[in-house]
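Quick one: structure below, then a few questions.
Counting from 1, the numbers follow the sequence of the chain as shown. Small disclaimer: the values here were computed from a predicted structure and weren't measured.
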Amino acid sequence: MAISCGNLPICYIVPGDRHGLRPRDDTAVGCVRALCESPLRVDTAGKWGYTNVTAEMGVKRVFFAYERLQGRGGHEVGRALLARLYREATGEAHPEILRTPLGKPYFADSAWHFSISHTKNHAFCALSDRPVGIDAEETDRQLNPALAQRYLSENEQARLHTPDGLLRLWVLKEAAAKCCGKGIGNWLKNTDFDPFDPRISIIDGCYVAILEEYHAV
């Protein structure tokens, strides 16, 4: 069931039976909240989310939200989402945002981690109690094929069997780069992702990848 808060579809995720988690119809803040060790799942219309993590896999929290830009700037909307998610997680305003020497943003004096991505039409934000990276691309975006030769490993290039394969791999690579904080670089040719990695979701016309605790190889 779609629950709306302003322009933002929301759903809370709560522990379910041993087969996973079930959605609960609570309207309090515009976000998807999860106790998770596995990928976020969102239905194809982007109406609500769920995760298939089992309760015995441990308690890890990921707060996720997205919103359509509707003429606003992606940076502006992404930061607004982050403020809402942090307040939902902690009850407080988020601390100052700093950057590492390689440009990765992080909170000063906070154990929480975050990542923001925006496309021409959407902004996405993930907040986690462990390092996290999120990337999103509109499903109709056409990437330069030269990216495959420059940033895909041999195994990844061999898996390009569908027209959207490169785009799917790219969101995984960007999410990995954000998570580990190394940014886009030649090290990305050492990854071994699959275009149909279950950590990719289709949300409101976008491919969205969320990776946690990714370590660059």
Problem set entry | Contacts of Q157 that satisfy side-chain contact (heavy atoms from CB on, under 4.5 Å) - sequence neighbours left out |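 Applying side-chain contact (heavy atoms from CB on, under 4.5 Å) to Q157 gives Q149, L152, K189.
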Would you say the rings of Y151 and W170 are close, in the sense that their centroids are separated by under 6.0 Å?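 Yes - the distance between ring centres of W170 and Y151 falls below the 6.0 Å cut-off.
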message: Please say yes or no: joined through hydrophobic side-chain contacts below 4.5 Å, possibly via intermediate residues, are L147 and L169 part of one cluster?
response: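 Yes, one cluster joins them.
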Tell me yes or no: between the side chains of H113 and E212, is some donor less than 3.5 Å from an acceptor?
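Not at all, the side chains of H113 and E212 share no donor-acceptor pair under 3.5 Å.
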- If you take all heavy atoms of L98 and A108, which pair is closest and at what distance?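 Scanning both residues completely, I find the closest heavy atoms to be CD1-CB, 3.7 Å.
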* Please walk me through it: do R84 and E67 pass side-chain contact (heavy atoms from CB on, under 4.5 Å)? -> CA-CA 12 Å; R84 294 172 67 181; E67 190 165 356; 3.9 Å; yes
(Q) Minimum heavy-atom separation for L81 and A65, please, with both atom names. (A)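 Looking at all heavy atoms of both residues, the closest pair is CD1-O, 3.9 Å.
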| message | Looking only at the side chains, is there a donor atom on one of D164 and T162 sitting less than 3.5 Å from an acceptor on the other? | response |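 Indeed, the side chains of D164 and T162 share at least one donor-acceptor pair under 3.5 Å.
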Item to complete: Might you point out which heavy atoms bring K104 and K178 nearest each other, and give the distance in Å?
Response: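 That would be CE-O, 3.3 Å.
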- Query: How close do I210 and F64 get, heavy atom to heavy atom, and via which atoms?
  - Reply: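 So the minimum-distance heavy-atom pair works out to CD1-CD1, 3.6 Å.
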Note to self: I'd like to check the ring-ring contact (aromatic ring centres under 6.0 Å, His included) partners of H94; sequence neighbours left out, ordered by chain and number.
What the structure shows: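 Listed in chain order: F107.
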Can we say R141 and E137 salt-bridge, meaning some charged N sits less than 4.0 Å from an Asp/Glu carboxylate O?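 Salt bridge between R141 and E137, a charged N being under 4.0 Å from a carboxylate O: yes.
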Check: What heavy-atom pair brings K173 and T191 nearest, and what distance separates the two atoms?
Finding: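 The pair with the smallest heavy-atom distance is NZ-OG1, 2.6 Å.
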How far apart are the C-alpha atoms of W187 and C180, what are their side-chain angles, what is the distance that settles it, and do they pass the side-chain contact (heavy atoms from CB on, under 4.5 Å) test? CA-CA 12 Å; W187 69 273; C180 71; 3.8 Å; yes
Next on the checklist: Quick check: closest heavy atoms across G78 and A123, and the distance to 0.1 Å?
Outcome noted: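 The answer is N-CB, 3.8 Å.
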| query | Quick one: does R168's side chain have a donor or acceptor within less than 3.5 Å of a partner on G165's backbone? | reply |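 Not a single qualifying donor-acceptor pair exists.
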Exercise. Between D192 and R159, is there a salt bridge with N-O shorter than 4.0 Å?
Worked result: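 Result for this pair is yes, salt bridge flagged.
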- For D140, look at atom CG and say whether over 12 heavy atoms of other residues, nucleotides or ligands are found less than 6.0 Å away.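 Above 12, so yes.
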Other residues, nucleotides and ligands only: do more than 12 of their heavy atoms fall within 6.0 Å of CG on N186?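 Result for CG/N186: open.
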